[in-house]
Amino acid sequence: RATFQCRARWFVDEHLSHPALSVAMIARRLGCSRSTLYRAFAQYNMSVAGHIRERRLLMMRNRLRTAPLHISIADIAAGCGLYDAPNMSRLFRARFGVPPSAMRAGQGVATQRLAE
């Protein structure tokens, strides 16, 4: 199971921006059942969907800090596989304590450190 979990985490990182990234897609690519994948992540008190969401949010945070200002927050989010703007903003604020616009403006640095 740990092997599936490690391989799944690698697969997720390689395909984060893919809009159809799902548990079924990961299981199919790894040649295991969805149940096996769920159990592998459960051993580490994680859900597969939760891991995908966390990796996408971290990717977005990093891109917000480094992307040129002419690239919109919506485009940055989409590049991270987050297409639902209101939901993405809510998730981002819940995870990092500031909205994406504040993180981009550099206001989220101190708050973000507390969230990690």
Side chains of Pro86 and Asp84 in contact at under 4.5 Å (non-hydrogen atoms): yes
In Å and rounded to the nearest 0.5 Å, what is the CG to CE distance from Leu16 to Met60? 13.0 Å
Strictly distance-based, threshold 3.5 Å: is any side-chain N or O of Arg63 a donor or acceptor partner for the main-chain N or O of Leu58? no
Residues 9-33 vs salt bridge (charged side-chain N to carboxylate O under 4.0 Å, His left out), sequence neighbours excluded, gives Asp13-Arg55
Any side-chain heavy atom of Pro100 within less than 4.5 Å of one from Ser89? yes
Taking every heavy atom of Ala8 against every heavy atom of Phe41, the minimum-distance pair comes out as CB-CE1, 3.6 Å
Within the 4.5 Å heavy-atom criterion, are Ile26 and Ile52 side-chain neighbours or not? yes
Are Gln5 and Gln43 side-chain neighbours, meaning at least one heavy-atom pair lies under 4.5 Å? no
I need the Tyr83 OH to Arg56 CZ distance, nearest 0.5 Å. 7.5 Å
Determine whether Met46 and Glu54 make a side-chain contact, defined as any pair of heavy atoms from C-beta on separated by less than 4.5 Å. no
Test side chain to side chain contact (heavy atoms under 4.5 Å, CB included) on Ile76 and Leu82; report intermediate values, then the result. CA-CA 9 Å; Ile76 292 170; Leu82 299 164; over 6 Å; no
For His15, what residues pass the ring pair (Phe, Tyr, Trp, His ring centres under 6.0 Å) criterion, not counting sequence neighbours? Phe11
Nearest 0.5 Å please: distance from the CG atom of Leu57 over to the CG atom of Asn62. 11.0 Å
Atom SG in Cys32, atom CZ in Arg39: separation rounded to 0.5 Å? 9.5 Å
If you round to the nearest 0.5 Å, how far is CG of Leu64 from SG of Cys80? 7.5 Å
Short side-chain to backbone donor-acceptor contact, Arg7 and Leu30, under 3.5 Å: yes
Side chains of Arg65 and Arg104, heavy atoms from C-beta outward: is any pair under 4.5 Å? no
CE-CZ distance between Met103 and Arg95, expressed to the nearest 0.5 angstrom: 9.0 Å
